[in-house]
Amino acid sequence: MQIEDLSGLPDGVTEHFVSAGIEELYPPQAAAVEAGVLSGESVVASVPTASGKTLIAQLGMLSAIHETDGMALYIVPLRALASEKAAEFEAFEQFGLDVAVSTGNYEEDGDWLGNADVVVATSEKVDSLIRNGADWIDDLACVVADEVHLVDDRGRGPTLEVTLAKLRSRVPNLQVVALSATIGNADEIADWLEAELVDSDWRPIELRTGVHYGDALHLDDGSTTELPTGSQDQTEALVADTIAADGSALVFVNSRRNAEAAARRLGEVTESALSAADREALQEVADEIRAVSDTETSEDLAAAVEQGAAFHHAGLARGHRTLVEDAFRERLIRAVSATPTLAAGVNTPSRRVVVRDWRRYDGSTGGMAPLSTLEVHQMFGRAGRPGRDPHGEAVLLAKSHDELEELFDRYVYADPEPVRSKLAAEPALRSHVLSTVATGFVHSHEGLLEFLGETLYASQTDDPSRLEAVTEDVLEYLDRNDFLVRENGDLRATPAGHLVSQLYLDPMSAAIIIDGLRAGEGSPSPLGLYHLVSRTPDMYELYLKSGDESTYTEIAYERERELLGQTPSEFAEGEFEDWLSALKTAKLLEDWAEELDEDRIAERYGVGPGDIRGKVETAEWLLQAAERLAGELEISSASAIREARIRVEHGIRADLLDLVGIRHVGRKRARRLREAGFETREDLRQADPGRVLAALSGRQKTTEKVLASAGHPNPDLDGVEADEDTPSSQHTSTREDPPENSQGTQANLGEFE
DNA sequence: CTTCCGTCACTTTAGACAGCATGTC
DNA sequence: CTAAAGTGACGGAAG
C-alpha cells in the first residue's frame, strides 16, 4: 500500500511522509489502515518494537483530528519517552497542529494543554488531569496507548487500565489505538477495547536470535557459527566480534554492580577499536559526565566512556543516562552493559544484544527467578537498527548443553506469556476507587461495580466476586479513614478524600501522613517529617544492608522524640524493619538538607546520584502534599512542613531559606552569599554590588540577575569592581561534613558507617 | 620486601509515576 | 524451598 493513496489526512501530510522517505507502508501499517485507523476505528496493534508502530498511531491521530476537529492524546509509559515522542511529532506543526507535553516534572511552556491538538503524557499524568477536572478531555477524538502490555505491571498497570476505561466511558465513540509488543493474548485486549486486531511479527530488519554455548553461536534458523572465546569470556568474545564487524553491542545483566563491572571489562575490548577522533569525542562526553555529578559512580562511568564503553542503570543521574544513550545511538560508545532500564526506555538500537543474565534476584521467591519471556523479547527487540545494520542479532549465553536447550525452549522458540490485568490488587484499587468516586464519575456502590465491569480485569476474569470482595475491603478502608462516606449504597468523597485524590496520593500514604502529623502536631523536626513521608507506600524503600539494622536501631532510639507516631516494637519483625528502612531514607534526606556532599551521601548509603535525586524529588512531592493535608485538616504544622520541604528541595540548611527564595540563587550561590555575610533578601537589596560580585566569584551577568531578582534598586554593575575583602568562592563550596546544626538538633553525622 | 594470582567466605541483589510553580554552576 | 557474581581478605609463590 502506497502512502500517497491514503485519504482522510490533513493536507500535506502524505507529501510530508513521502519526503521523509516513507513511500510504502509496512505490512502491519497497511493492515492497520485496512482495519480502519484512518476512519475512526479502534485498533490494537501487536507488533514487534521498531516496526513502525508510531506511524500507525500518527495515522490514527492525524485522521481523527482532521475528520472531527477534536484532539489526540498519546499516552506513554515513561517521562523520558514523552519528550522523545513529542520530538517525533514536531513535524506536525507545519500542518498547524500544536503538540504539547505534560508530565509530572515538565509542562509545555505556558500554552495550556486544551489549546493543543496533540498532547503527550504519562498514564499517571492523564489520570491526574482527569482527577483535577481537565475539561478538554471531552474534546478527544483519538487516544493512543503506547506499550499497552504494561497493564500487566503490578504497580502501574492498573492506572493505565483505569485511565483507558474512564476515557472510553466519558468520551463517546473515542477512537483508541493501542500499541503493544507481541504478546500471546492481544485478542483479549482488542475485545476489551472493542477494537480491530492487527497482530504481526513482521520486522523491517531481520532479527536473528540464538544462544552462544562453548565456542559456537547457535541461531534460531538452525545455523551454527564458530565464535571461539579464547582467553575472553563469552560476553567479551561476542562484543569483540561485533565491534570487529563495525557494529555495537548491548549487554543486559541483572544488577547494577554487574553492569559496572562488565563495563570495566568491555572497555578493554572497545578501546582498541577507537580512532583518534573517537577518543577526542569520547573525552568530551566523559567530561560532561563528570560535570553532572562528582560521585564515584560518575567517575567510573566517565572512565569507561573514555574507553568507548559504558554502563546504564537507575542509579545514574538523568544527565548521565541521556549522555550515554545519545553517544551509544551515535555509536561513539560501542558497548553498553545495562540493567533492564534500557530495555524499556528510549530507543537505543544496537547491532547485537547479549542477554548475559536470564535470572534475577527476586525476594518474593527467595532466590533467582527467570526473566519472563516478554521481558527477554523486549531486550531482543533492541537489536538492529534499520538502515545501519544488515540485521539485528540477539544472543543468550549458556554454560552447559542443558542450559542451551532450556534457553531455546524458554526464550528463543517460546511465545510471550499472556498479559493479565492486575487491577484486583488492593493498593491499586485503593487509589482508583477513591478517585472514581471523588471526581463524581460514580455516585454509588452499584455504579462503581458497573464501572469496574468495564475494565480489562472484568473481561478476563471468570470470577467477578473476587473484584467485588476486594472493592468492598477498599471501601471499608477508605470509609474508616474518613476519605469517603457510605450511605445506603451511595458513595461520596469527604473534603479530605477529594484532596487526596487531587494530590494523586495513595490513600494509605495520606492516612499515614495524617496520623503522623496529628501525633506530632506543632513543629515537627525535619527528620521527623522526612521519616514520616519515607514510611509511605509512595516512597520506594532503601535496602537495609548488613550492619544497618544496628546502626539505625541506635538512631531510632536516640532521636525517638523526633519521630512522629509510635515506634513499633523491636519484636514486631517486619514492621520494625520498615521503620528502620524509612529512617535510613530520612537520614539521607536530612544529610542532603544539611548540605552534605553528594558523593559523601552516595558512599554512606550505598546509592548512586540518580537515587539521591529520586528520593529528594519524591520527598518534595510528598511534603507538598502533607502541607496541603495539614491545611485541610487544620493541623498546625504547615510552616514546619514547608521549611522541611524547601530544605530538601534545595539541599540547604535553615539559614539559607530566605536567600534561596531569590531567583537564580540555589544551594551553592546561597551558601557563598551567606559566607560573605548576606543573610536575607533584604541584605542583598541594600548590598554594595561590589561585595556581591566578589561573593559570586566575579561573575558579572550572574550578579546582575541575582541583584535584580532580589529587588536591588540599582543592579547595574557598570564600573563596579569586586570587593577584595569579601570572601570569594574557594572558601565556600559544599562541605564534607556539616558544622553543628543551627537548630540545635544533634547531628554527629560523621560517626557511623 | 613487593607483586601477582588463586582460593574462599561473605555480601548483595531492577525499575521510577505523581503536585506545584518556575529556573543551578 | 531455590542463585550467582563480585569483592576483599588471606596466603603462597614468584619477582
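Below, read A as the first sequence line, B as the second, and so on, with proteins coming before strands; counting in each chain starts at 1.
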Given that A:Arg318 and A:Met368 both sit by DNA chain B, which one's nearest nucleotide is further toward the 5' end? A:Met368
Residue closer to the 5' end of DNA chain B, A:Gly606 versus A:Thr122 (nearest nucleotide): A:Gly606
Would you indicate which nucleotide in [options] comes nearest to any side-chain atom of [X]?
X: A:Arg672; options: C:dG6, B:dC25, B:dC20; result: B:dC25
X: A:Asp153; options: B:dG15, B:dC17, C:dG6; result: B:dG15
X: A:Tyr543; options: B:dC17, B:dT12, B:dG15; result: B:dT12
X: A:Lys545; options: B:dT12, B:dC17, B:dT22; result: B:dT12
X: A:Arg256; options: C:dG6, B:dA18, B:dG15; result: B:dG15
X: A:Ala314; options: B:dT12, B:dA18, B:dG15; result: B:dG15

hbond_proxy A:Arg360 side chain to B:dA14 base (donor-acceptor, 3.5 Å cutoff): yes
With respect to the phosphate group of [N], does any side-chain polar atom (N or O) of [X] fall under 4.0 Å of OP1 or OP2?
X: A:Thr159; N: B:dC17; answer: no
X: A:Arg671; N: B:dC25; answer: no
X: A:Arg356; N: C:dA5; answer: no
X: A:Ser255; N: C:dA5; answer: no
X: A:Arg669; N: B:dC25; answer: yes
X: A:Arg359; N: C:dA4; answer: yes

Report the base-pairing partner of [N] (Watson-Crick or G-U wobble, both distances below 3.5 angstrom), or none.
N: C:dG15; result: B:dC1
N: B:dA9; result: C:dT7
N: B:dA16; result: none

In whole Å, what is the span from the [atom1] atom of [X] to the [atom2] atom of [N]?
X: A:Leu371; N: B:dG15; atom1: CG; atom2: P; result: 13 Å
X: A:His312; N: B:dA14; atom1: NE2; atom2: C1'; result: 13 Å
X: A:Arg257; N: B:dA14; atom1: CZ; atom2: P; result: 10 Å
X: A:Tyr361; N: B:dG15; atom1: OH; atom2: P; result: 15 Å
X: A:Glu620; N: B:dA16; atom1: CD; atom2: C1'; result: 15 Å
X: A:Gln624; N: B:dA21; atom1: CD; atom2: P; result: 7 Å
X: A:Arg154; N: B:dC17; atom1: CZ; atom2: C1'; result: 17 Å

Do we count A:Trp621 as stacking onto B:dA18 if the rule is ring centres under 5.5 Å and planes under 30°? yes
Could you check whether [X] pairs with [Y] (Lys NZ or Arg NE/NH1/NH2 to Asp/Glu carboxylate O, under 4.0 Å)?
X: A:Glu299; Y: A:Arg290; answer: yes
X: A:Arg647; Y: A:Glu594; answer: yes
X: A:Arg156; Y: A:Glu124; answer: yes
X: A:Asp152; Y: A:Lys422; answer: yes
X: A:Asp611; Y: A:Lys615; answer: no
X: A:Asp655; Y: A:Arg671; answer: yes

What distance, rounded to whole Å, do you find between the two P atoms, one in B:dA14 and one in C:dA5? 15 Å
Contact between A:Pro370 and A:Trp358 at the side-chain level, heavy atoms closer than 4.5 Å - yes or no? yes
